[in-house]
Amino acid sequence: MPAAGAKPRSNPGDRALCTDLYQLTMLKSYWEHRMNEVAVFDLFVRRLPPERRFLLAAGLSPALDYLEGLRFDPEELAWLGERPDFPPAFVDWLAELRFRGDVHAMPEGTVFFPEEPVLRVTAPLPQAQLVETRLISLVNFSSLIASKAVRFLLVAPEAVLVDFGLRRAHGSEAGALAARAAYLAGFNGTATVVAGQRWGIPTYGTMAHSFVQAHESEAEAFLRFGRAHPHNAVLLIDTYDTEAGAETVVRIAPRLRDEGIEIRAVRIDSGDLAAHAHRVRRILDEGGCREVRIFASGSLDEHEVTRLVRAPIDGFGVGSALTVSSDVPVLDSVYKLHEYAGRPRRKRSEDKSTWPGRKQVFRRYAGGAMAGDILACEDEDPGGEPLLRPVMRGGRRVGPDPALEEVRKGVRASCASLPPALRSLRPGGGTYPVEPSTRLRDLAAEADRQSYRTGTP
């Protein structure tokens, strides 16, 4: 058995055993029968939820981090060695297992549609199989949140949008990844501090109602907070009475201004946000605080933001609806084998059939707008922009990840190229054409002819 060595990963998601048991049971069989030929797997979404007209690819960088660092820690190997189904020789083999395959993927921020590979893995079968669960987890969740976040951008492109969702996220890793996905999609920043430390995402924060309640008066709380944070004086004004809170801001603003401190904004977190915003704007303007912005939060989704953009609100803090994607909590993401040992493979299950072989997605444009995609064999050239690009060779990145700012620019360009029907949040409307090429259809027919028949080998 392997000796103790490196310290186990602190994040359970980074550990090799953060997987489904059937990955290990399959690996044992592959090991026993020396099934180590090259396999090709695609990660894609089978169908769009009714509430979505397109999806936004995200999670590639965390996925590549996982692949580069894949290994079984000594503690994991020791635990596996105690299981009767996993003999010592198999556990020793796992100790040496690393991902040494190739990856092609759509760049983060790319608009995509059902049946289009977001990511393709080409590697020896055991390596390609083992990574399925974690890759789906990372790409599915990040794409889910990015696809939710971009809807806020479509309805409020000029507003400041901040992720407030960590406390309601399904775990701390989900909260951090959601902050990254939302920023990638165009949000201005996050309240999740670790996302700022890890990815350089701008962080935003004000105060809680408890801060106001802990002081003898609202004015005292506002003065102390402004002095403690002279470059980020954002005051929560609805602890007791929203309009009275705005009047308090007007009263203390000259005192802080004399000390060189400008109040940046006020935040409203309850009640009829639009009605309060109109009244607060009037109080601030009449009180000589025209430069103070209004920021709103409190159970907001993209439909409520659509209503509120007509009010004098400069920014929105979005929590639960974003971080758990409350209207669409999961995507039908799958990771399927499409080639093994040089032969095309195809699943033919009812309502779950797949397209075989190594594929590419070609996107066509008309008048600057996306006009349709062609799902084709990798070496075809049906015209259009190829979306899948090489990102990993031999288990190592082919180059540095693009900066998140570059990804954000790409998202804005993609949104600008969406057909009008896809930009709308209203139910119904048009669909986007994705067609398989004739050659891909022929390859599927060939795979069907070659597929194994039921029976004893």
Side-chain angles (χ1 to χ4, degrees), residues 151-165 167-168 187-189 191 204-259 261-322 425:
R151 290 162 63 84
F152 290 87
L153 272 294
L154 291 174
V155 300
E158 303 302 322
V160 174
L161 295 168
V162 181
D163 155 48
F164 274 13
R167 65 187 59 193
R168 302 253 172 79
F187 267 50
N188 296 84
Y204 289 71
T206 58
M207 59 172 68
H209 293 292
S210 57
F211 183 86
V212 178
Q213 292 172 283
H215 288 81
E216 293 304 314
S217 71
E218 196 172 47
E220 180 184 53
F222 289 171
L223 285 167
R224 286 185 174 178
F225 191 86
R227 288 164 180 156
H229 303 280
H231 304 296
N232 186 37
V234 180
L235 307 176
L236 180 62
I237 64 173
D238 68 332
T239 302
Y240 305 119
D241 179 281
T242 302
E243 285 71 28
E247 291 167 354
T248 300
V249 169
V250 167
R251 286 199 306 273
I252 67 150
R255 292 176 61 181
L256 290 176
R257 195 175 294 120
D258 288 344
E259 299 172 27
I261 301 169
E262 296 290 342
I263 298 172
R264 290 184 59 192
V266 297
R267 178 161 72 97
I268 308 170
D269 191 55
S270 58
D272 185 332
L273 297 175
H276 282 309
H278 282 287
R279 292 194 288 267
V280 167
R281 184 73 271 161
R282 184 175 65 253
I283 292 168
L284 294 173
D285 290 350
E286 292 175 355
C289 294
R290 291 182 178 275
E291 74 287 352
V292 176
R293 295 179 295 173
I294 297 175
F295 191 84
S297 57
S299 302
L300 300 179
D301 64 12
E302 63 269 44
H303 302 289
E304 181 64 3
V305 169
T306 301
R307 183 181 76 87
L308 293 174
V309 291
R310 295 187 289 272
I313 298 175
D314 302 287
F316 301 94
V318 185
S320 307
L322 169 70
L425 266 57

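Reckoned from all heavy atoms, side chains included, excluding hydrogens, waters and symmetry mates.
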Distance-only donor-acceptor pairs under 3.5 Å for side chains of residues 224-231, two or more places apart:
residue, atom, partner, partner atom, Å
Arg224, NH2, Glu220, OE2, 3.4
Arg227, NE, Glu259, OE1, 3.0
Arg227, NE, Glu259, OE2, 3.3
Arg227, NH2, Glu259, OE2, 2.9

Who passes side-chain hydrogen bond (donor to acceptor under 3.5 Å, both in side chains) against Ser299, sequence neighbours left out?
none
Just jot down the side-chain hydrogen bond (donor to acceptor under 3.5 Å, both in side chains) partners of His209, sequence neighbours excluded, or say none.
Thr239
Please name all residues satisfying side-chain hydrogen bond (donor to acceptor under 3.5 Å, both in side chains) with Arg293, sequence neighbours left out, ordered by chain then number.
none
What is the minimum heavy-atom distance between Ile261 and Ala233, and which atoms define it?
CG2-CB, 4.5 Å
According to the ring pair (Phe, Tyr, Trp, His ring centres under 6.0 Å) rule, which pairs have a member within residues 235-259, sequence neighbours left out?
none
Pair listing, ring pair (Phe, Tyr, Trp, His ring centres under 6.0 Å) test, anchored in residues 264-290, at least two apart
none
If you look at every heavy atom in Asp301 and Ala321, which pair is closest and at what distance?
CB-CB, 3.8 Å
Min side-chain heavy-atom separation Phe187-Leu153 under 4.5 Å:
yes
Minimum heavy-atom distance between Phe152 and Leu300, given as atom pair plus value
CZ-O, 4.4 Å
Please find the pair of heavy atoms, one from Ala311 and one from Ala277, that lie closest to each other, and give the distance.
CB-CB, 4.5 Å
Can Val249 and Val280 be said to form a side chain to side chain contact (heavy atoms under 4.5 Å, CB included), step by step?
CA-CA 10 Å; Val249 169; Val280 167; over 6 Å; no
Set of residues satisfying side-chain contact (heavy atoms from CB on, under 4.5 Å) with respect to Ser320, sequence neighbours excluded:
Arg168
Minimal non-hydrogen separation, Ala156 against Val309, with atom names
CB-CG1, 3.6 Å
From CD (Glu302) to CG (Leu322), nearest 0.5 Å
9.0 Å
To the nearest 0.5 Å, what is the distance between SG on Cys289 and CD on Glu262?
9.0 Å
side-chain contact (heavy atoms from CB on, under 4.5 Å) partners for Val234, two or more places apart
Thr206, Asn232, Arg264, Ala265
Any salt bridge (charged side-chain N to carboxylate O under 4.0 Å, His left out) pairs touching residues 273-287, not counting sequence neighbours?
Glu243-Arg279, Arg281-Asp285, Asp285-Arg290
Could you measure the distance from the CG atom of Leu235 to the CD1 atom of Ile252? Nearest 0.5 Å is fine.
5.5 Å
From CZ (Phe222) to CZ (Arg251), nearest 0.5 Å
9.5 Å
Just jot down the side-chain hydrogen bond (donor to acceptor under 3.5 Å, both in side chains) partners of Glu304, sequence neighbours excluded, or say none.
Arg307
By salt bridge (Lys or Arg N to Asp or Glu O under 4.0 Å) - contacts of Asp269 (at least two apart)
Arg267
Would you say the side-chain atoms of Asn188 pair up with the backbone N or O of Val162, donor to acceptor, closer than 3.5 Å?
no
Distance from Ile294 atom CD1 to Leu308 atom CG, nearest 0.5 Å?
11.5 Å
Can you pull out every ring pair (Phe, Tyr, Trp, His ring centres under 6.0 Å) where at least one residue sits in residues 282-321? Sequence neighbours excluded, please.
Phe164-Phe295
Between Ile283 and Val250, is a side chain to side chain contact (heavy atoms under 4.5 Å, CB included) present by the stated rule, with each step listed?
CA-CA 8 Å; Ile283 292 168; Val250 167; 4.0 Å; yes
On a heavy-atom basis, the closest approach of Ala208 and Leu236 is C-CD2, 3.7 Å
